[in-house]
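What follows is one structure encoded as structure tokens, with my remarks underneath.
Residue numbers start from 1 in every chain, and the chains themselves are labelled A, B, ... in the order their sequence lines are given, proteins ahead of strands. None of these values were measured; they are calculated from a predicted model.
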2 protein chains.
Amino acid sequence: MMPSDDRKKSRVTLLDVAQHAGVSRATASLVIRNSPLVGAKTRAKVEAVMQELGYVYNVGAARLRAEKSRTVGVIIPNLTNPFFAELLAGIERVIDSAGMVVILANSGDLTERQDVVMRRMREHGVDGVILCPAAGTEPAMLDGLDEWGLPVVQALRHVSGRTDYAGPDYIGGVKQSVDYLVSLGHRSIAFAVHGQVHSAYRERIEGFCAAMHGHGLSDDLIVKVPEKIGDISASADLLFRQERQPTAAICFNDVIALGLSAGLFDKGMQIGRDFSLVGFDDVTDAEALRPRLTSVSTAPETVGENAATLLLDRLADRERAVRRVITPTELHIRQSCVSIADIDA
Amino acid sequence: MMPSDDRKKSRVTLLDVAQHAGVSRATASLVIRNSPLVGAKTRAKVEAVMQELGYVYNVGAARLRAEKSRTVGVIIPNLTNPFFAELLAGIERVIDSAGMVVILANSGDLTERQDVVMRRMREHGVDGVILCPAAGTEPAMLDGLDEWGLPVVQALRHVSGRTDYAGPDYIGGVKQSVDYLVSLGHRSIAFAVHGQVHSAYRERIEGFCAAMHGHGLSDDLIVKVPEKIGDISASADLLFRQERQPTAAICFNDVIALGLSAGLFDKGMQIGRDFSLVGFDDVTDAEALRPRLTSVSTAPETVGENAATLLLDRLADRERAVRRVITPTELHIRQSCVSIADIDA
DNA sequence: CTGAAAGCGCTTACAG
DNA sequence: CTGAAAGCGCTTACAG
């Protein structure tokens with residue numbers, strides 16, 4: 001009747017609960033899983049006992065038998081980048097509300113590390129993984145997962161068309177910027193890029209070229225800037241060492257936008273008066289910059305939610321058709337662009 | 001001899017490996033765990049078979065028997081805040097290199113959610129948890145974990161002295177700022193704060209008061225600003241609606257610094273010329289601001305590494321004495337402060 | 001070093 | 001609704 005003295009070493013188990021409640025272990029198990037097979041009275045009794053005994057469900061044991069772990073893996077290239085952090089926040093929210101838990105890993109955008117981490121995920125028996133593939137990931141790797149029966153959704157970047165995918169509408173986002181700048185009269189528009197080449201990179205470039213062509217403009221002002229923000233400011237000059245002088249620049253991301261805006265300032269140019277600048281991602285505190293930065297919002301948190309939902313749906317039905325969920329971008333117009341008429345004036 | 005047709009449903013197990021290698025399951029198990037009891041030749045044979053069969057270790061099954069999961073829980077108030085994202089990056093790095101995996105959860109800085117999430121961690125059988133306690137967390141909660149035998153380390157904030165703790169030297173950081181501003185001749189220094197009250201909040205306030213007193217100055221210019229960055233800029237006036245006019249302000253964090261610097265700009269004041277501003281955390285792209293923001297670096301990534309190391313050490317020895325690892329801060333002097341002489345001039 | 005046996009805490013049919 | 005039994009894939013003594 002009294003609690004055993006060795007409770008320290010032995011946790012309270014479902015069998016303990018069942019015995020105290022005067023039911024069988026199977027019944028107790030049904031209560032936990034909210035089965036309708038159990039009568040209200042029995043359920044109440046069992047729940048009271050669980051409470052009283054301080055029972056904690058052992059997911060690990062359940063998984064062993066039931067073949068599911070209530071666990072999903074999330075693999076991201078770089079946690080320190082707020083863009084990915086927001087993606088992660090979105091994922092975590094929906095995974096959590098599905099009563100599951102996320103196992104997190106950082107690939108460092110390196111395929112070898114990604115392989116290691118991927119294996120670790122399998123060893124831990126995750127039910128599925130959300131992967132933002134490292135630059136250079138082989139499509140074969142994704143297909144391999146498929147064979148193992150491990151559901152995968154790609155997020156933000158994709159290397160294979162064989163899994164679900166959630167990402168922003170990069171192409172549309174760049175088009176919005178181009179259209180906007182053109183509407184202000186700009187015709188000589190640069191695109192400042194950097195970083196590794198992957199689908200998200202290519203789509204932005206594509207979007208730029210297509211949008212420019214759509215307006216009968218040339219896409220020759222694609223300029224590659226350094227990686228680190230300090231170096232970017234120092235390299236603002238690059239913009240003006242091209243065949244033609246741009247009057248505006250679209251940035252590949254907000255880091256570049258920040259760097260260039262500082263660099264232009266250092267050159268004595270004022271954005272939103274002498275030059276127009278559009279950021280991408282809208283993840284920095286654009287509101288706190290002066291002038292406030294006009295930027296394309298890619299809503300990484302929403303993308304994260306979508307990715308998690310895709311995975312949950314697939315877990316529910318392995319056979320459903322592959323889907324791609326593209327989140328529309330939004331151009332947040334603030335103060336960093338001017339009409340060409342006002343520059344010339 | 002040939003692979004069974006139903007491999008789809010049944011994964012390859014340690015027993016399969018053992019049989020193919022012509023050893024007992026126990027031996028195969030020893031190989032996996034790198035036991036020295038196994039001869040080199042046997043080991044090689046078994047490893048070859050594992051490779052050949054595509055064996056994947058089942059951590060879940062191992063855990064059930066061995067009572068450890070190679071899993072640690074990390075509970076954070078807000079993923080979207082780069083400060084916490086960096087902490088997480090540091091934690092992930094050392095946990096990963098210990099061959100373990102992090103289960104992530106977001107408490108939203110709400111104690112109720114934190115309780116839910118904490119329970120989920122227990123259900124998943126984490127070996128320990130790194131917790132940045134939500135504002136308002138009861139010390140009793142931490143002590144409860146202790147009773148359950150679940151090792152905990154607090155990070156960034158602490159509500160109980162009974163567990164290990166890793167955090168920045170908030171007090172020293174504020175003192176560095178005060179000393180620096182005083183050395184520039186400032187005597188009327190404001191401290192701009194906001195947010196929930198917790199240990200990290202109190203320590204910064206304490207640090208401010210102590211440092212000011214140390215210089216024989218009054219600490220009466222503590223001003224509370226709004227939470228959201230847009231509102232902060234709009235409230236820069238608050239600084240000047242105090243008993244005395246400050247010539248400098250230290251910010252509770254970089255968000256406030258960004259907001260105020262924009263707000264002061266809007267008032268036509270130029271930081272680093274008309275007014276001095278010091279940020280805290282140095283986590284934004286201070287290098288890309290103009291003027292570049294002087295800020296106290298709290299190195300959250302290092303704090304994260306320390307927290308993870310503390311947990312690993314405790315896992316290795318439950319009985320060791322409780323430790324507190326305080327990471328020194330560093331004042332990164334850039335351009336946002338002026339000597340008082342130059343203001344008066 | 002190796003083998004046979006028991007057991008970790010749950011879920012899953014299956015018979016009542 | 002309930003009970004008895006088997007089993008998920010591993011590790012742990014224990015005897016050789």
Side-chain angles (χ1 to χ4, degrees), chain A residues 6-47 49-50 53-71 122-127 149, chain B residues 6-47 49-50 53-71 122-127 149:
Chain A
D6 56 341
R7 52 146 61 149
K8 267 275 164 63
K9 57 177 283 220
S10 59
R11 65 186 289 165
V12 9
T13 178
L14 198 51
L15 187 54
D16 299 330
V17 171
Q19 286 172 341
H20 278 250
V23 303
S24 79
R25 176 162 55 187
T27 305
S29 176
L30 291 174
V31 169
I32 282 184
R33 288 172 289 148
N34 282 314
S35 161
L37 294 179
V38 179
K41 211 163 133 191
T42 312
R43 168 181 308 281
K45 175 62 181 161
V46 172
E47 279 169 349
V49 171
M50 294 198 311
L53 261 42
Y55 172 73
V56 175
Y57 184 62
N58 185 331
V59 185
R63 134 184 359 183
L64 190 53
R65 188 65 230 261
E67 318 264 58
K68 47 190 207 152
S69 66
R70 304 194 193 182
T71 269
R122 289 219 291 154
E123 293 182 343
H124 278 272
V126 297
D127 292 335
Chain B
D6 56 341
R7 51 148 61 149
K8 267 278 164 60
K9 57 178 283 219
S10 59
R11 65 187 288 164
V12 8
T13 179
L14 197 52
L15 186 54
D16 300 330
V17 172
Q19 286 171 341
H20 278 252
V23 302
S24 80
R25 176 162 55 183
T27 304
S29 176
L30 291 174
V31 170
I32 281 183
R33 287 172 291 149
N34 282 314
S35 162
L37 294 180
V38 180
K41 209 164 134 191
T42 313
R43 170 182 306 283
K45 175 62 182 163
V46 172
E47 279 170 349
V49 172
M50 293 196 315
L53 263 42
Y55 172 72
V56 174
Y57 185 61
N58 184 331
V59 186
R63 135 183 358 181
L64 190 53
R65 189 66 230 261
E67 318 264 59
K68 48 189 205 153
S69 66
R70 306 196 191 179
T71 268
R122 290 220 289 155
E123 293 182 343
H124 278 273
V126 297
D127 292 335

Would you say D/dT2 has OP1 or OP2 under 4.0 Å from some side-chain N or O of A/T42?
yes
Expressed as a whole number of angstroms, how long is the span from B/R43:CZ to C/dC1:P?
9 Å
Could you tell me whether A/V59 contacts a base, only the sugar-phosphate backbone, or nothing, with contacts defined as non-hydrogen atoms closer than 4.0 Å?
nothing
May I ask you to verify if any side-chain N or O of B/S24 is less than 4.0 angstrom from the OP1 or OP2 atom of C/dT2?
no
For the pair A/R43 (side chain) and A/S35 (backbone), establish whether a donor and an acceptor sit closer than 3.5 Å, ignoring hydrogens and angles.
yes
Contact class for B/T13 (heavy atom, under 4.0 Å): base, sugar-phosphate, or nothing?
sugar-phosphate
Does any nucleotide pair with D/dA4 by Watson-Crick or G-U wobble geometry, both distances under 3.5 Å, and what is it?
none
Encode nucleotides 11-16 of chain D as B, S and - characters from 5' to 3', where the letter depends on protein heavy atoms closer than 4.0 Å: B to the base, S only to sugar-phosphate, - to neither.
BB----
First locate atom OG1 of A/T71, then atom NE2 of B/H124, and finally report the distance between them rounded to the nearest 0.5 Å.
5.0 Å
So how far is it from B/L15 CG to B/Q19 CD, rounded to the nearest 0.5 Å?
4.0 Å
Length of the CG-P vector between A/L15 and C/dG9, whole Å
10 Å
Per side chain to side chain contact (heavy atoms under 4.5 Å, CB included), A/Y55 is matched among A/V49, A/V46, A/I32 by A/I32
Could you tell me the separation between the CD atom of B/E123 and the C1' atom of C/dC10, rounded to a whole number of Å?
13 Å
